[in-house]
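Scroll down for the structure; my scribbles are underneath it.
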Amino acid sequence: MENHNYCLILAGGIGSRLWPMSRKSRPKQFLDIFGTGRTLLQETYERYAQFLPADHIFISTHVDYLPFVYEQLPGVDDTHILEEPLHRGTLASAAWGTVFIKKVDSEANIVLAPADQLIQGTRDFQEDILRAFDFVAHSDRLVVMGIRPLRPETAYGYVQMGNPASEQGIYHLKTFTEKPDQQFAEIFVNDGSFLWNTGIFLFNVDTMLRNIYELVPEYQLEIPKMLAEAETADPRFLPDFFSVLPKLNIDMSVMERSDNVFIYESHFGWADLGAWDTLADGHQCDAQGNLLLATRALLSDCSDNIVRLPHDHVAVLHGLHGYTVVEEGDVLLVCPKRESAVLRRLMTETQTKLNIE
């Protein structure tokens, strides 16, 4: 039976919420955050390569990051690396990647895979993705993979399950909610019908392009141009009109607005590595809740901290509770773990006042 399943890995983001380890010059997807010897991009690629042919896996990344992709995935053919000249959000990456894969296979189904996630449970992951592929194949249905929440997390988005679909474990989408406050996150967890939004989406190429065309007015002229460009030019290189596209993400532009989205309740372990305070998901903390990321440290009367230092440095901490301690290059960050707004402000001020990226 012919395989029409493809993967598009999104690896063009800046990853600013993991600053100062993740920098614009080398974002988190190209880093070995947990000291495993593999970067997040390498782990993502290998995860899908276990059940998809190598020529069915594509990577979309910013042109500045091409050297990292070549270095970390030397076996990937150049025609499977899509170059983005500008940061235009995940919608532009998904649209052009879908157009290119449609040229390769007009019946293609795609899993859109962020390159900055922690996935545990390889067998469950493969089974869930393959079942979701079957659900979207040759249909007008979009699927978001959801995860049963472990706690009332405010750093994640949520999707609410509606009525069951014909297939077991798949539900009509009722609502999307972006990063709720603590009170609503607790309500969602207690309700039982809300799942974490993994940002892993599956769809048939025609279904996605039709949804983009119908739901995003700014793309109504660009989708036909993209399709025409893919027929006459090398689709690895984005056309000039890419620069006029608005910066939009696929979640808010398509998935939250389409009336034919379904939720697959997944069974694998998952964490979005978008912020320091979410890195403890699926990783072993000590008895006091401290997480040491490939770091040697002596902790005294410390709890609920995340510590990440260069391999040749040692942290000695006393009386610290609920903090992120990260040293990378020329920056040492010490900040309350859950104050993401403060972290963003500190990053901006460091860049503008001290001229440090």
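Throughout, numbering of the chain's residues begins at 1 and tracks the sequence. As the structure is a prediction and not an experimental result, all values here were calculated from the model.
By the ring pair (Phe, Tyr, Trp, His ring centres under 6.0 Å) test, His56 is found to be paired with Tyr6, residues two or more places apart in sequence or in another chain being considered. Partners of Tyr171 according to the ring pair (Phe, Tyr, Trp, His ring centres under 6.0 Å) rule, which considers only residues two or more places apart in sequence or in another chain, do not exist here. Ala137 meets the side chain to side chain contact (heavy atoms under 4.5 Å, CB included) test with Asn109; sequence neighbours excluded. Under the rule for a side chain to side chain contact (heavy atoms under 4.5 Å, CB included), the partners of Asp286 that lie at least two apart in sequence or sit in another chain are Gln288, Asn290, Leu299.
Between Asn260 and Ser258, the side chains place no donor N or O within less than 3.5 Å of an acceptor N or O (distance only, hydrogens not considered). Thr39 and Asp32 share no side-chain donor-acceptor pair at under 3.5 Å. In this model, a donor atom of one side chain and an acceptor atom of the other lie less than 3.5 Å apart for Tyr264 and Asp128. In the model, Ser60 has a side-chain atom that pairs as donor or acceptor with a side-chain atom of Glu84 under 3.5 Å. Between Ser22 and Gln29, the side chains place no donor N or O within less than 3.5 Å of an acceptor N or O (distance only, hydrogens not considered). Counted by atom type alone, Gln182 and Thr154 present zero donor-acceptor pairs between their side chains at under 3.5 Å. There is no side-chain donor-acceptor pair under 3.5 Å between His321 and Asp304.
Identified under the salt bridge (Lys or Arg N to Asp or Glu O under 4.0 Å) test for residues 52-64, with sequence neighbours left out: none. The ring pair (Phe, Tyr, Trp, His ring centres under 6.0 Å) pairs that include a residue from residues 103-131 are Tyr48-Phe125, Phe125-Phe268, where partners are two or more places apart or lie in different chains.
For the atom pair OG1 of Thr98 and NZ of Lys103, the computed distance is 15.5 Å after rounding to the nearest 0.5 Å.
Residues Val307 and Leu293 have side chains not in contact (no heavy-atom distance under 4.5 Å, counting atoms from C-beta outward).
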